[in-house]
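Data first, discussion second: the structure below is written as structure tokens.
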Amino acid sequence: MDKKFKPKDWEDKIIKLWEEKKYFQAKVNKDKEPFVIILPPPNANGSLHVGHAMYVYEDILIRYNKFNGREVLWLPGEDHAGFETWYVFEKELKKQGKSKLDFDRDVLYQMVYDFVNEKRGIMRNQLKRLGFALDWSKSKFTLDEDIVHIVYLTFKKLFDQGLVYRGLRVVNFCVSCQTSFSDLEVEYQEEKSKLWTIKYLLSDKSGYIAVATTRPETMIGDTAVAVNPDDSRYKKLIGKTVKLPLVGREIPIIADSAVDPNFGTGAVKVTPAHSDVDWQIAQRHKLPLVQIIDFDGRANENALSYKGLSVSEFRTAVVSDLKKKGYLISEKDYTHRVGKCYKCKTTIEPLAKEQWFVKIKPLVDRVKPLLEKDKVKIYPKRFKTQLLNWLDKLYDWNISRQIVWGIRIPAYQCQVKGNQECQQKDGWFVSIETPSQCPYCSSSDFSQDEDTFDTWFSSGQWPYATLMSLASEGKNLQSLDEYKRLSFFQYFYPTTVMETGFDILSRWVSRMLMLGLFSVGKTPFYNVLLHGLVRDQYGQKMSKSKGNVIDPLELVDKYGADALRAALIFNTKVGSDVNMSEDKVVAMRNFANKVWNIGRFIYLGLNNDKEADSFETDSLDDIVENLHKEFQDLKKKYSDSLKKYNLTMAFDLLYDFTWHRLADYYLEKLKDAVWQGDEKVLASLKTVYLSLLQMLNPYMPFVTEAVCLSIENRSLYDID
RNA sequence: GGCCGUUUAGCUCAGCUGGUUAGAGCACCCCGCUUACAUCGGGGAGGUCGGGGGUUCGAGUCCCUCAGCGGCCACCA
């Protein structure tokens with residue numbers, strides 16, 4: 001054995017050994033209780049970043065439970081990550097001086113597919129290098145044909161039950177990315193702006209009503225002015241009409257309780273085409289819709305002479321005209337939150353658009369009791385409250401995206417007009433297979449929706465979609481219920497733990513719960529374990545511009561995967577952000593070396609053929625006995641901690657025991673005996689040490705395995 | 001505006017259900033290359049556990065309150 005543990009000499013060898021021995025290839029095994037984690041599929045559009053290294057939490061649980069006799073399955077896969085990948089890809093295109101407009105849909109799709117495929121291969125190797133005990137024989141991709149089939153079945157089931165509908169609504173639209181988003185994908189930023197108060201003259205010339213707004217340009221599309229029904233100031237005006245300034249169109253003054261009498265002037269302009277609140281008011285009062293801003297972010301023909309202006313130019317022009325014509329009462333500084341595209345930071349335009357929506361309420365109603373009764377447990381506990389709060393606030397979920405990259409929505413619109421049945425659903429029907437005719441009127445004149453699904457719609461199905469497709473061995477079945485009956489599925493579903501970052505609690509975890517319950521009738525997982533963000537050594541967020549980004553693979557090269565893994569755990573708290581520094585990795589590298597040298601010491605003792613001298617065996621017995629006692633105590637605390645998902649405490653205990661008790665204390669006391677080849681002492685030490693290695697293995701799989709192979713000539717996973 | 005987290009040694013942080021002289025890693029000082037390891041060993045310095053109040057035999061740990069930092073949510077146009 002070398003004096004130092006050299007990760008490079010061992011890592012590849014050990015990875016190969018695990019693969020050959022198939023330790024982590026799960027099978028249906030009725031004698032064992034399964035322990036299942038579905039890997040949150042990384043976005044297949046880049047390399048692994050240090051955040052992905054947090055998968056180590058899952059690896060620890062998998063390996064620990066493997067040693068505990070569970071049938072473990074840790075299922076890998078990759079996410080096509082629709083919009084995210086599309087965004088990265090478009091940037092690449094631009095770099096090459098090309099644009100998406102240069103290619104047709106199929107060619108584009110193939111290009112992204114190739115791009116993603118390359119990344120998938122890279123990521124797999126990187127995950128392996130981190131030592132993750134994933135079952136690669138079962139790896140899935142969100143665009144696998146059999147996964148897509150299941151996603152389609154889910155969509156159809158939702159559609160058939162009326163839980164998904166096509167609707168014209170004001171959606172969050174990014175005019176730069178040219179797609180809509182769900183509410184959860186909009187990021188709000190404080191922005192300094194103005195609050196303008198505008199004079200709307202009453203048609204009967206009896207005066208005016210003052211309206212306050214942050215978006216004066218949208219007044220061109222106003223179709224009403226609203227006041228609170230209980231506002232005494234305006235009671236007598238309700239029902240009258242005003243002349244829309246600059247436009248001259250007559251619009252009514254209406255009463256709606258959504259209006260807060262205490263804000264601004266208590267009177268609101270209503271622009272149903274460009275504000276969700278206004279849209280809802282318009283629905284209640286059957287107001288018309290005048291769209292004045294187009295999907296390219298510019299004023300359209302309804303905006304009269306302003307046509308062609310960008311939103312900000314439009315605003316400036318309208319304000320200046322209002323001023324000129326004496327309609328502007330005041331202009332005050334005002335700071336408010338503005339919705340931004342979470343990717344490109346362009347201001348989101350609320351625009352009326354027909355999209356597919358998932359009705360949230362019925363789905364949420366099934367999720368909430370599970371959380372409330374702790375049928376699904378969330379660690380740390382505080383996130384349970386957060387999730388429940390969210391669930392109460394969710395609106396219907398827009399799942400249509402206007403991008404090519406993704407799963408195309410299997411919805412078709414019949415072009416035949418006038419047929420009653422077709423008209424009921426505006427001609428829309430859903431079909432898993434490419435249809436040959438409209439199911440309502442048998443016409444063959446129909447076309448498929450151009451849009452693709454929100455990625456979270458498919459990844460929200462990931463736990464059951466993966467297990468179903470594996471259960472049927474790729475065969476496409478007719479319904480979700482048929483998949484549900486397969487024994488493989490029944491054995492592995494629901495999964496045991498969902499471990500992921502708390503930042504996607506609402507976007508992902510909530511959707512998996514909703515869709516899992518809907519499609520399978522059972523929760524997709526019993527436990528949710530959440531981790532935080534990886535930050536730099538000073539607690540700063542990593543970013544390219546700050547230059548503090550840590551590349552996990554670089555650290556693996558330099559110090560070994562064990563060191564990186566342990567550095568993410570040591571002296572941290574589960575669920576909080578983790579600060580990462582090279583110093584910490586070095587410290588853990590040193591610890592790995594300590595583990596190695598304890599083994600080396602025992603190994604040297606075992607292979608020492610020196611004659612044993614006579615000893616004070618009484619005191620030795622006491623020391624050995626104490627060692628065993630202390631170790632038993634450690635074992636208990638260790639598994640207690642892990643049962644509570646306190647991965648840090650379990651590791652800190654191991655660190656302290658290994659270094660400061662076993663090495664610094666016991667080994668020093670027993671040193672002479674070891675050198676003398678005292679069999680009793682050595683046997684005790686070996687027993688404790690091998691058992692300790694198994695406890696450490698989940699955290700530092702390489703050094704523990706390497707030292708076991710050196711001493712025992714077999715894997716830790718072959719020791720009972 | 002609401003909710004949540006956080007404030008412990010120079011730095012970054014652990015401290016589970018309240019209980020003996022409050023811990024770790026890094027940094028620092030002194031000594032040591034002794035046949036497991038200098039990626040080491042031995043020794044040491046360093047904290048009124050954010051402020052105030054309370055409960056208790058006993059509080060970093062529970063309650064109240066104030067303050068700083070961070071995050072999440074909200075249709076006040």
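What you see is a predicted model; the values in this text were computed from it and never measured. Each chain gets a letter, A, B and so on, in the order its sequence line appears, and its residues count up from 1. Computation of the quantities below employed the complete heavy-atom set of this structure, encompassing side-chain atoms and omitting hydrogens, waters and symmetry-equivalent molecules.
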**Message:** Among U12(B), C40(B), G25(B), which nucleotide has an atom closest to any side-chain atom of Trp659(A)?
**Reply:** C40(B)
**Request:** Would you kindly say whether Tyr200(A) and Asp222(A) are connected by a side-chain donor-acceptor distance under 3.5 Å?
**Result:** yes
**Message:** As a test of reading the structure: which of U39(B), G25(B), C3(B) is closest to the side chain of Asn593(A), going by heavy atoms?
**Reply:** U39(B)
**Request:** Output the single nucleotide from A14(B), C26(B), C72(B) whose closest atom is nearest the side chain of Trp390(A).
**Result:** C72(B)
**Request:** Using the six-membered ring of Phe357(A), assess whether NZ or CZ of Arg169(A) lies under 6.0 Å from its centre and within 45 degrees of the ring axis.
**Result:** yes
**Request:** For the pair Phe263(A) and Tyr334(A), name the ring-plane relationship: parallel under 30°, tilted 30 to 60°, perpendicular over 60°.
**Result:** perpendicular
**Prompt:** What's the closest nucleotide to the Thr213(A) side chain, out of C37(B), A77(B), A74(B)?
**Reply:** A77(B)
**Prompt:** How are the rings of Phe591(A) and Phe651(A) set to each other: parallel, tilted or perpendicular (split at 30° and 60°)?
**Reply:** perpendicular
**Complete:** Closest to the side chain of Lys3(A), out of C37(B), C75(B), C3(B), is C37(B)
**Prompt:** Which comes earlier along RNA chain B counting from the 5' end, the contact point of Lys584(A) or that of Val186(A), where each point is its nearest nucleotide?
**Reply:** Lys584(A)
**Fill in**
Which of A14(B), C37(B), C73(B) is nearest the side chain of Lys4(A)? It is C37(B)
**Prompt:** Nearest-Å distance, CG (Asp392(A)) to C1' (C73(B))?
**Reply:** 12 Å
**Request:** Taking atom C1' in both A9(B) and A22(B), compute the distance separating them and give it to the nearest angstrom.
**Result:** 10 Å
**Message:** Rounding to an integer number of Å, can you tell me how far Asp664(A) CG sits from C37(B) C1'?
**Reply:** 11 Å
**Complete:** Between OH of Tyr665(A) and P of G41(B) the distance, given in whole Å, is 17 Å
**Message:** Which nucleotide wins on minimum distance to the side chain of Asp583(A), given the candidates G25(B), A14(B), C26(B)?
**Reply:** C26(B)
**Asked** Given atom CZ of Phe502(A) and atom P of C72(B), what is their separation to the nearest angstrom?
**Response** 8 Å
**Message:** Starting the side chain at C-beta, find the nucleotide from C37(B), G23(B), A77(B) nearest to Glu668(A).
**Reply:** C37(B)
